[in-house]
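What follows is a set of notes on a single structure, which appears directly below.
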Amino acid sequence: DGEKVTRELVGKNFFLHDDWLGKSRAECATALLLELNGDVKGNYVDETVERMLQNRPDFFKSFSCVIATDLNEESLLNLDQVLWKYQVPLVVVRACGMIGYIRLVFAEHPVVESHPENAHPDLRLDRPFPELVQHVDSLDLTSMTKQEHGHTPFLVLLLKYLNQYKDSHDGTFPKTYKEKTALKGLIKTGILVNENGNAEDEENFDEAIRNVNSCLNETKVPSDVEAIFSDPACRNLTNQSSTFWILARAIKDFVANEGAGALPLRGSIPDMTADSKRYIKLQQIYQSKASEHVARVKQRVSRLLDELGKPRESISDEDIKLFCKNAFFLRLLRSRSLGEEYASASAKAGDIEMHLGNEDSELVFYVALRASDRFRMKEGRYPGESQDSVGKDSDEVKEIASLFIKDLGIEDRKSG
């Protein structure tokens with residue numbers, strides 16, 4: 001920021017006081033921001049963004065993110081062009097009275113730890129791996145004591161009764177509501193009955209019945225992850241490919257080979273009623289298989305790095321493990337540049353027109369802010385800065401909004 005603190009600014013901003021009159025606005029803003037957290041260090045540049053873009057645009061290359069506010073449209077578009085070139089994310093922040101606007105600008109933003117809510121556990125009961133099958137087969141419910149029977153992990157119960165169900169249904173896996181209800185009824189028949197003919201209180205069986213819907217799901221690659229696998233950046237790796245794309249390619253190749261159509265096993269199991277010994281054993285079986293999958297993926301990552309001429313240590317074991325654990329939840333976000341958004345030829349005129357046809361749509365504020373920006377570019381000030389000019393400025397902003405809509409090829413029906 002190359003501006004100075006003025007009397008007018010002190011009057012509008014209660015954080016500022018007279019002692020700062022004439023000082024660098026950037027210096028004052030930095031001092032105030034640093035007061036929010038004593039552990040943070042900050043610096044400022046007493047120079048306008050416009051001059052820096054003109055004289056040393058490489059300055060912005062060093063940042064991991066740039067937040068821009070109070071820039072005119074021309075400067076904002078120039079900044080966007082520079083940051084897009086350097087693949088530095090831009091956050092545009094606007095505030096106008098009670099209206100707020102935030103625009104995130106980035107070419108792509110991969111998300112590994114997306115922390116989804118209500119995610120189903122990854123148990124592979126529709127395609128149990130040999131170690132799990134061997135463990136479940138080794139447990140005989142009919143020879144257990146009452147204590148052992150009531151503390152058998154519900155995962156074991158689910159797989160045992162699922163096998164019984166498949167034996168009586170031509171090997172089919174229960175998918176519909178009716179089929180899963182039938183399986184629940186089959187599980188219920190396994191609850192012990194006391195000498196009076198009443199069912200025992202076996203919480204593990206109740207858990208098995210409750211978890212039929214959430215735990216018995218087809219193991220498949222989610223559509224969001226399939227889209228990542230199909231992306232040209234995943235299929236055509238180069239020496240410039242990021243860690244995300246190299247790991248994604250390794251997972252893709254794993255799915256097509258060792259995974260037999262499935263992603264690496266997550267390796268975790270839900271809490272359940274069970275004795276410690278058998279719960280830990282079950283946990284170890286899943287963790288061991290997940291570790292095996294991580295090792296396979298690591299081998300593929302190493303081969304890819306060799307092919308790309310990149311050092312193997314450029315992707316750590318922890319990165320590979322984290323990626324495998326979260327493979328089900330990978331997300332890739334992409335946005336357009338501001339240049340694409342602002343250009344009439346590439347603007348999403350259809351979406352804008354659709355929302356402007358809705359009287360309750362907040363997109364009218366977007367059009368108003370864009371019109372306000374163009375007013376500022378023309379007049380060198382914001383509309384309505386003085387009470388005397390409110391009416392005249394309002395009419396001019398309406399006219400600018402009308403022209404903005406017309407430039408997009410949209411019928412002028414909301415500019416008033």
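This structure is a prediction, so every number in the text was calculated from the model and none was measured.
We find that D275 and R278 are joined by a salt bridge, their nearest charged nitrogen and carboxylate oxygen being less than 4.0 Å apart. Using a 4.0 Å cut-off between a side-chain N of Lys or Arg and a carboxylate O of Asp or Glu, R124 and D122 qualify as a salt bridge. With respect to the salt-bridge test (charged N to carboxylate O, under 4.0 angstrom), the residues E202 and K146 do not qualify. In this structure, R376 pairs ionically with D70, as a charged nitrogen and a carboxylate oxygen lie closer than 4.0 Å. Look at D253 and R249 and you find a salt bridge, because one of the NZ, NE, NH1 or NH2 atoms lies within 4.0 Å of a carboxylate O, short of that distance. Here D407 pairs with R374 in a salt bridge; the nearest charged N to carboxylate O distance falls below 4.0 Å. Salt-bridge formation is detected for the pair E292/K289: a Lys NZ or Arg NE/NH1/NH2 atom is positioned less than 4.0 Å from an Asp or Glu carboxylate oxygen. For the pair R56 and E47, the salt-bridge criterion is met [side-chain N within less than 4.0 Å of a carboxylate O].
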| N204 vs T273, side-chain hydrogen bond (donor to acceptor under 3.5 Å, both in side chains): CA-CA, chis, key distance, verdict | CA-CA 5 Å; N204 57 335; T273 300; over 6 Å; no

| request: Show your working on side chain to side chain contact (heavy atoms under 4.5 Å, CB included) between F59 and V49 and close with a plain yes or no. | output: CA-CA 10 Å; F59 169 81; V49 173; over 6 Å; no

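Distance alone, capped at 3.5 Å, is enough to place a donor-acceptor pair between the N211 side chain and the E207 backbone. Checked by atom type and distance alone, the side chain of D80 never pairs as donor or acceptor with a backbone atom of L76 at under 3.5 Å.
Atom NZ of K298 has 12 or fewer heavy atoms from other residues, nucleotides or ligands within 6.0 Å. Enclosure of atom OH in Y101 by more than 12 non-hydrogen atoms of other residues, nucleotides or ligands within 6.0 angstrom is indicated. Counting non-hydrogen atoms of neighbouring residues, nucleotides and ligands closer than 6.0 angstrom, the CD atom of E379 exceeds 12 such neighbours. Within 6.0 Å of CD in Q81 there are 12 or fewer heavy atoms belonging to other residues, nucleotides or ligands. Heavy-atom neighbours of I67 CD1 from other residues, nucleotides or ligands within 6.0 Å: at or below the threshold of 12.
Using cut-offs of 30° and 60° for the angle between ring planes, the H149 and F205 rings count as parallel. Ring geometry for H169 versus Y165: interplanar angle under 30°, hence parallel rather than tilted (30 to 60°).
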Could you list the donor-acceptor pairs under 3.5 angstrom formed by side chains in residues 105-114, with sequence neighbours left out?
residue	atom	partner	partner atom	Å
E108	OE1	R334	NH2	3.2
E108	OE2	W245	NE1	2.7
S114	OG	F329	O	2.9

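Note that CG of L158 is 8.5 Å distant from CG of L123, once rounded to the nearest 0.5 Å.
Seen from the ring of Y342, R370 counts as a face-on cation partner, given the 6.0 Å and 45° thresholds.
Between F323 and F244, the ring center distance clears the sub-6.0 Å criterion.
Under the ring-ring contact (aromatic ring centres under 6.0 Å, His included) criterion, the residue pairs touching residues 260-313 are F129-Y286, F254-H293, with sequence neighbours excluded.
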